[in-house]
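Labels below follow one simple rule: chain letters A, B, ... track the order of the sequence lines, proteins then strands, and each chain is numbered from 1. Note that these values count all heavy atoms, side chains included, but never hydrogens, waters or copies made by symmetry.
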Number of protein chains: 2
Amino acid sequence: MTSANPVTTTIQRKETYAQKRARAIAAAASVFAERGYHGATTKDIADRLGIRQGSLYYYFKSKEEALEEVCILALRDYVHAMEQITSSSLSFGEKIFHIVHSHLSSYRDDNEALKVHNDQRLYLPEERRERIKKDGSRYRVMLEDLFHQEVLNGTMPADTDCQFAAQSVIGLCNAWGALIIRDPLLDVEDLTQKCSTMVLNGFHHQHP
Amino acid sequence: MTSANPVTTTIQRKETYAQKRARAIAAAASVFAERGYHGATTKDIADRLGIRQGSLYYYFKSKEEALEEVCILALRDYVHAMEQITSSSLSFGEKIFHIVHSHLSSYRDDNEALKVHNDQRLYLPEERRERIKKDGSRYRVMLEDLFHQEVLNGTMPADTDCQFAAQSVIGLCNAWGALIIRDPLLDVEDLTQKCSTMVLNGFHHQHP
DNA sequence: GCGGCATTCTATAAATCAATAGAAATTCAG
DNA sequence: CTGAATTTCTATTGATTTATAGAATGCCGC
């Protein structure tokens with residue numbers, strides 16, 4: 001055997017293509033989130049990367065491909081977190097809490113990819129949209145199943161509409177997510193607590 | 001007195017400028033809803049009206065003005081409906097029901113102006129955005145006050161965060177609204193029932 | 001029918017933008 | 001150092017788009 005492969009043993013002094021491309025996707029996410037897909041220009045993205053407009057095409061075949069990549073990125077971590085939570089041994093209430101927390105946190109910490117997925121994905125042509133749709137549906141179905149399980153357990157009314165419940169949780173989180181991005185003062189921990197409580201028990205209204 | 005004003009007594013054989021402009025705003029709303037503000041062209045709007053691109057400028061000084069008008073239109077009816085409901089003698093639960101119903105219905109019936117307001121208003125420059133912001137806030141505050149009143153009545157926990165509650169109801173309705181527009185099969189009456197119940201009592205989860 | 005006003009059209013200016021081709025620069029192994 | 005591969009740059013093309021100016025058309029009262 002010859003000496004160990006320098007690629008894996010040498011300290012990396014230069015970013016790989018994949019790493020630089022990942023930064024390009026993040027830059028695209030940021031710009032798309034701020035100005036929308038059509039409102040953003042390839043120059044905006046290039047500027048954020050410190051390269052020229054034309055150079056961007058070394059990483060993307062088209063602006064459209066950049067949007068698709070942003071959407072794929074957004075869903076990857078998002079779905080992964082959901083898988084971790086639903087397969088854990090937490091109680092139902094705790095799972096909901098973690099799901100909401102993970103969802104809201106991603107708006108604060110991550111990049112703006114999730115917002116771009118929510119707001120701009122419909123501007124993708126059919127074919128590209130289909131490709132990312134699967135992951136989005138998977139997320140919704142996992143949440144749906146979580147509710148469904150709870151109905152079978154008897155800890156939720158038998159007539160609960162689990163599709164409605166799942167979609168509502170997602171919608172609520174996305175609505176607050178949009179606000180979280182725009183208002184740095186919003187406290188994710190506090191919102192997580194309030195959203196989970198609301199989902200499970202509403203605002204506790206008592207008939208007078 | 002001379003003969004009665006023909007404008008008011010004669011059967012209208014021709015649309016007034018205001019009416020035609022209103023149709024232009026509706027066309028803009030429709031196109032903006034479908035393609036987004038930046039993705040829509042003035043030609044798209046003109047096509048939907050059956051006029052030429054240049055002729056559109058008889059009704060708008062700019063594309064930007066068209067977007068502002070769409071947002072103003074969206075909020076006018078929206079705020080008006082809220083005023084009617086909150087000032088009525090309905091019970092709290094009924095009011096929430098009507099508010100949700102009015103909100104969701106507007107996505108089904110009206111034009112797509114409300115969706116445009118939600119998704120595209122941030123692309124307006126500061127000054128124009130400020131002008132429409134007031135109406136949006138008014139809606140939220142009215143809803144907030146409704147919750148606040150209920151806390152004072154003692155039919156809701158004293159520590160209820162009314163701002164959170166109001167924003168959540170709006171967010172939930174907007175999330176479902178976006179789905180309603182895309183899926184004609186969704187039943188607004190059914191969704192209204194489920195959304196109101198969820199807001200008031202959550203999904204009735206019982207600790208096992 | 002005529003004069004004036006309202007409405008729409010044609011044609012075009014000016015700016016912007018995505019995408020490409022090929023040259024330059026950088027990096028790196030031998 | 002040298003040559004090849006990678007990465008970035010320059011320069012440009014072609015298409016699109018907003019907005020304007022001025023001409024043409026339609027409409028209405030008289």
Chemist: Can the ring centroids of B/Tyr37 and B/Tyr123 be said to lie less than 6.0 angstrom from one another?
Modeler: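 Ring centroids of B/Tyr37 and B/Tyr123 are no less than 6.0 Å from each other.
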Chemist: Between B/Thr42 and D/dT17, does any side-chain N or O lie under 4.0 Å from OP1 or OP2?
Modeler: no
Chemist: Can you measure A/Glu15 atom CD to C/dT27 atom C1' for me and round it to whole angstrom units?
Modeler: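 It is 14 Å, rounded to the nearest whole Å.
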Chemist: Can you tell me the distance, in whole Å, between the CG atom of B/Asp44 and the P atom of D/dT17?
Modeler: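 Taking atom P of D/dT17 as the reference, CG of B/Asp44 is at 7 Å.
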Chemist: Which residues in residues 57-67 of chain A have at least one heavy atom lying under 4.0 Å from any atom of DNA chain D?
Modeler: A/Tyr58, A/Tyr59
Chemist: Examine distances only and state if a side-chain atom of B/Glu112 and a backbone atom of B/Ala29 form a donor-acceptor pair shorter than 3.5 Å.
Modeler: no
Chemist: Among residues at least two apart in sequence or on other chains, which ones pass side chain to side chain donor-acceptor pair (under 3.5 Å) with B/Glu127?
Modeler: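 Expected list: none.
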Chemist: Using whole Å, what does the distance between atom C1' of nucleotide D/dT7 and atom OH of A/Tyr17 come to?
Modeler: 10 Å
Chemist: B/Arg35 has an atom CZ; how far is it from atom C1' of D/dT16, in whole Å?
Modeler: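 Spelled out: CZ on B/Arg35 to C1' on D/dT16 is 14 Å.
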Chemist: Could you note down all residue pairs passing salt bridge (Lys or Arg N to Asp or Glu O under 4.0 Å) where residues 177-188 of chain B supplies at least one of them, sequence neighbours left out?
Modeler: none
Chemist: Would you say the side chains of B/Asn174 and B/Tyr107 form a donor-acceptor pair under 3.5 Å?
Modeler: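 Present: a donor and an acceptor within the cut-off.
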Chemist: Expressed in angstrom and rounded to an integer, what is the separation of A/Gln19 atom CD from D/dT7 atom C1'?
Modeler: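 In whole Å, D/dT7 C1' and A/Gln19 CD are 15 Å from each other.
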Chemist: Salt bridge (charged side-chain N to carboxylate O under 4.0 Å, His left out) between A/Glu34 and A/Arg48: does it pass, once the steps are laid out?
Modeler: CA-CA 12 Å; A/Glu34 195 176 311; A/Arg48 198 152 307 196; 3.7 Å; yes
Chemist: Take atom CZ of B/Arg21 and atom P of C/dT8, then tell me their distance rounded to the nearest Å.
Modeler: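 From B/Arg21 CZ to C/dT8 P: 14 Å.
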Chemist: Can you sort out the partners of B/Arg52 under side-chain contact (heavy atoms from CB on, under 4.5 Å), two or more places apart, ordered by chain and number?
Modeler: B/Ser55
Chemist: Please tabulate, for the side chains in residues 65-74 of chain A, all donor-acceptor contacts under 3.5 angstrom to protein atoms that are two or more places apart in sequence or on a different chain.
Modeler:
from: A/Glu65; atom 1: OE2; to: A/Arg21; atom 2: NH1; distance (Å): 3.3
from: A/Glu65; atom 1: OE2; to: A/Lys61; atom 2: N; distance (Å): 3.3
from: A/Glu68; atom 1: OE1; to: A/Arg128; atom 2: NH1; distance (Å): 2.6
from: A/Glu68; atom 1: OE2; to: A/Arg131; atom 2: NH1; distance (Å): 3.0
from: A/Glu69; atom 1: OE1; to: A/Arg21; atom 2: NH2; distance (Å): 3.3
from: A/Glu69; atom 1: OE2; to: A/Arg21; atom 2: NH2; distance (Å): 2.8

Chemist: List in numerical order all residues of residues 47-56 of chain A for which some heavy atom is under 4.0 Å away from an atom belonging to DNA chain D.
Modeler: A/Ile51, A/Arg52, A/Ser55
Chemist: Identify whether any heavy atom of A/Ala40 sits under 4.0 Å from a base atom; if not, whether one sits that close to sugar-phosphate; answer base, sugar-phosphate or nothing.
Modeler: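 Touches sugar-phosphate only.
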Chemist: For A/His103 and A/Tyr78, take the angle between the two ring planes, folded into 0 to 90°, and tell me which bin it lands in: parallel under 30, tilted 30 to 60, perpendicular over 60.
Modeler: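 Because their plane-to-plane angle is over 60°, the rings of A/His103 and A/Tyr78 count as perpendicular.
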